[in-house]
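Presented below is the structure to which this report refers.
Atoms within each ligand, like the ligands themselves, are counted from 1 in listed order. Given the structure is predicted, the values throughout are model-derived calculations rather than measurements. In what follows, every heavy atom counts, from backbone to side chain, and hydrogens, waters and symmetry copies are set aside.
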Amino acid sequence: MRDPDAPRLPSSPGFWRSPLRGPWFTSVLGLVLLVGITVLFVTGLASYAAYNPDLSPVNDKTPDKGILGFYLFAWPTDPHWLYRLNQGVHVTLGIVLIPVLLAKLWSVVPRLFALPPARSLAHALERISLLLLVGGALFEFVTGVLNVQLEYVFPGSFYPLHFYGAWVFFAAFVVHVLLRLPAALRGARGLREERKQEERKREQREEGGLREEGDTLVSPRPAEPTVSRRGALWFVGGGSLLLFATTVGQNFDGLRRTALLAPHGGGDPGSGPNGFQINKTAAYAGIDAAETGADVWRLVVTGRTGSVRLSRDDVLQLPLHSAALPIACVEGWSTSDQWWRGVRLRDLAALVGYDDDPSDVLVESLQLRGAFRRTALRANQVADPRSLLALYVNGEELSADHGYPARVIVPAAPGVLNTKWVARLTFGDL
Ligand SMILES: Nc1nc2c(c(=O)[nH]1)N[C@H]1C(S)=C(S)[C@@H](COP(=O)(O)O)O[C@H]1N2
Ligand SMILES: [Mo]
């Protein structure tokens, strides 16, 4: 029944009546997010480094990063599933945390409306950091999910938005954690403790010693509970579990069809040796079969000693090697290891004067437009014997959609560095 005296404004504590709100509920969710968001931030920074943005302007979508690139390092080639794991964790965990984030925001929503806006300078600063925190969190989750689901809704700009947004958000997050961690640890300690505190506060309030506003998440006029606090937490966890179950399959070949939330935009991979996930199809990339035929396609390899032009037959005269490597996309999907067969990048480097000293390489495809038509690889990636210019996969010629006539495949690297429809390799210091 509606209480005729119920406060009508969200700024009055009595407006918020859910009996679930309280330090325990908020603290448990907060501690889950503390761990989860830290993992998201670390895997996000790692993913950024994996793109080699400091190697060449070709890879760098954030040329104004300044000191935010302070930690960049040469992404390793071992273990070969490194990026698959990193990005699988980043995207799956990001999606799984959505219910936790929403529940956490819901649990503190009375605070967002609390008046006066600021009681002191410190309080004002805290509330500004909260705006950045909440805004930043929503921004990061929304841009991430949209990118995964809709494939580049912000053409070319997802990457800088998500990157700079992450730093703004994380700065506010650190401030928030520093201010709140002690209370969260206390709050999570137990419901019994919380009830004792509530009792104590009620007494203080009756004595007139405690101000009503802002001091507590517990509603001063709680409604009848329909579910316990523990029950509500199970509900949030159940939501996360459901998202997990409908997402994680995108990282495992046999489970891909269970991944209802995985991106479906790409081409239909079909079955057979080339029957694994496709990102951009040949048609999408504007690759015409007329440019890839054995009689027209030429690979131009340039380096210290000049250039060589190789036909497909010439390439096949070079020593061929195999490597079992996955494709792992920034969007969070990956394949299991595929058997690639082709020429080692370091053997191609040796053709143009880089015999023992490894060098970087600029890889260019036949594609005329698009962000990923050329990419740069670092010397450590070129030097790895598993890094190939692949012509075959799983015992068959590459299909048009997987990059026929030749594509790059590099261990541990993000999918974006595995350039398809390669036409040109330029070795040297980038
Ligand atoms: N030329 C070219 N190569 C490309 C791309 C592209 O758009 N153009 N996409 C890259 C991305 S983002 C990924 S994840 C992989 C996907 O490879 P696949 O479609 O064979 O699975 O190809 C990479 N190579
Ligand atoms: Mo990708």
Does an N or O anywhere in [X] fall below 3.5 Å from an N or O of ligand 1?
X      : value
Asp401 : no
Arg373 : no
Asn418 : yes

Would you mind checking if Glu291 and Arg298 are paired as a salt bridge, meaning a charged N to carboxylate O distance below 4.0 Å?
-> no
Side chain, backbone, both or neither: which part of [X] has a heavy atom under 4.0 Å from ligand 1?
X      : result
Asn279 : both
Gln367 : side chain
Trp333 : side chain
Gln277 : backbone

Parallel under 30°, tilted from 30 to 60°, perpendicular over 60°: which one fits the rings of Tyr159 and Tyr51?
-> tilted
Distance flag, aromatic centroids of Phe139 and Phe169, threshold under 6.0 Å = no
Hey, would you say the Phe41 and Trp167 ring centroids sit under 6.0 Å apart?
-> yes
Within ligand 1, which atoms have a heavy atom of [X] less than 4.0 Å away?
X      : result
Trp421 : 1 (N), 2 (C), 8 (N)
Thr419 : 1 (N), 3 (N), 24 (N)
Lys280 : 7 (O)
Ser365 : 1 (N)
Cys329 : 14 (S)

Only residue of His402, Glu396, Gln338, Glu397 satisfying side chain to side chain donor-acceptor pair (under 3.5 Å) with Asn274 is Glu396
State if Glu331 counts as touching ligand 1 under the rule of any non-hydrogen atom under 4.0 Å.
-> no
Sub-4.5 Å side-chain heavy-atom contact between Leu181 and His176 = no
Using a 3.5 Å cut-off and no angle test, enumerate the donor-acceptor pairs between side-chain atoms of residues 418-425 and protein atoms at least two apart in sequence or in another chain.
unit_1: Asn418; atom_1: OD1; unit_2: Val410; atom_2: N; d: 3.1
unit_1: Thr419; atom_1: OG1; unit_2: Thr375; atom_2: OG1; d: 2.7
unit_1: Lys420; atom_1: NZ; unit_2: Lys280; atom_2: O; d: 2.9
unit_1: Lys420; atom_1: NZ; unit_2: Asp401; atom_2: O; d: 2.9
unit_1: Trp421; atom_1: NE1; unit_2: Ala400; atom_2: O; d: 2.7

What pairs of residues pass the salt bridge (Lys or Arg N to Asp or Glu O under 4.0 Å) test when at least one of them lies in residues 353-371, not counting sequence neighbours?
-> Arg304-Asp357
Please name the residue in the list Ile409, Val393, Asp337, Ile278 that meets the side-chain contact (heavy atoms from CB on, under 4.5 Å) test with Ile327.
-> Ile409
